[in-house]
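Written below as structure tokens is the structure these notes are about.
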Amino acid sequence: MLDSMLRDEAAFWDSFYENREKEIPFFVNVPDENLVEYFERGLIKPGKVLELGGGPGRNSIYFAEQGCEVDAVDLSETAINWAKERAIEKKVDIRFTKGSLYDFEFEEDSYDIIYDSGCFHHIPPHRRMTFLNLIEKALKPEGKFVITCFAAGDMGAEISDWEVYRQRSMKGGLGYTDDQLKQIFSNLELIEMRKMKEVKQPADTFGVPFLWTGLFKKRGVK
Ligand SMILES: C[S@@+](CC[C@H](N)C(=O)[O-])C[C@H]1O[C@@H](n2cnc3c(N)ncnc32)[C@H](O)[C@@H]1O
């Protein structure tokens, strides 16, 4: 019922991706700067990866190039088709699933890394628990969760959960403070959180200064 109060996300994203020439920062086909840095610092290592809301696939492709086995889920068929074309061009194998992450079927404790670049801030408040459960259940113990998310004050709507339903809109995505993200993901252990570094294009990585980048770890078995 609450889903039906808000826009049809699949239809929105399908039309969003129709014109590939639009000046959208994340339409570049390079990975997030924080992701590359985590690999370089050994904070994440090749393994089994799930990308949530992977869009046209730039981070999934990078994971696959690092030797990861990659599953990518996205609501938008247009985005998945674009990602498939890019994967063929880059000669990498990625398992794509078109659909909502809310319905994604997975084996418990099976992923080394779950990656979200810019999806969580589009998740409505009543679906946050579904998002959290997916991460908790799908990650292996000690598995890593990475998020990039609108930083309140720099980008994203600063409205209460109640206002989302009163206005029947997520206003293009919610802005979060670092404390809010730490609280929401407090079942995980925080490794580090910082603002994304700005990277002027063209470049080998993507970076815009209005996103938080957070790296978390699922707690091990006690
Ligand atoms: C801002 S875009 C980011 C795309 C990609 N991660 C990138 O950075 O290039 C957000 C993506 O999340 C996807 N998305 C939003 N809600 C979703 C959901 N419930 N399940 C799966 N994908 C979702 C959209 O289709 C869109 O491709």
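For ligands, and for the atoms within them, numbers begin at 1 and follow the listed sequence. All of these numbers come straight from a predicted model, not from anything done at the bench.
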Sub-3.5 Å pairs, protein N or O with ligand 1 N or O:
residue	atom	partner	partner atom	Å
ligand 1	6 (N)	G53	O	2.8
ligand 1	6 (N)	S117	O	2.8
ligand 1	8 (O)	R58	NH2	2.9
ligand 1	8 (O)	S117	O	3.4
ligand 1	9 (O)	R58	NE	2.8
ligand 1	19 (N)	S100	OG	3.2
ligand 1	20 (N)	L101	N	2.9
ligand 1	22 (N)	L75	N	3.3
ligand 1	25 (O)	D74	OD1	2.6
ligand 1	27 (O)	Y17	OH	2.6
ligand 1	27 (O)	D74	OD1	3.3
ligand 1	27 (O)	D74	OD2	2.7

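- Screening residues 182-192 for side chain to side chain donor-acceptor pair (under 3.5 Å) gives R41-E192 as the qualifying pairs, with residues at least two apart or on separate chains.
- Applying the ring pair (Phe, Tyr, Trp, His ring centres under 6.0 Å) rule to F185 yields the partners F120, F145, F216; only residues at least two apart in sequence or on another chain are considered.
- Geometrically, K218 does not engage Y111 in a cation-pi contact defined by less than 6.0 Å to the ring centre and at most 45° from the axis.
- Tested against Y62 for a ring pair (Phe, Tyr, Trp, His ring centres under 6.0 Å), the candidates Y38, Y115, F39 yield a single pass: F39.
- Here the side chains of T213 and V146 are not in contact, with every heavy-atom distance at 4.5 Å or above.
- Listed by chain and residue number, E33, Q201, A203, T205 satisfy the side-chain contact (heavy atoms from CB on, under 4.5 Å) test with V199 (two or more places apart in sequence, or in another chain).
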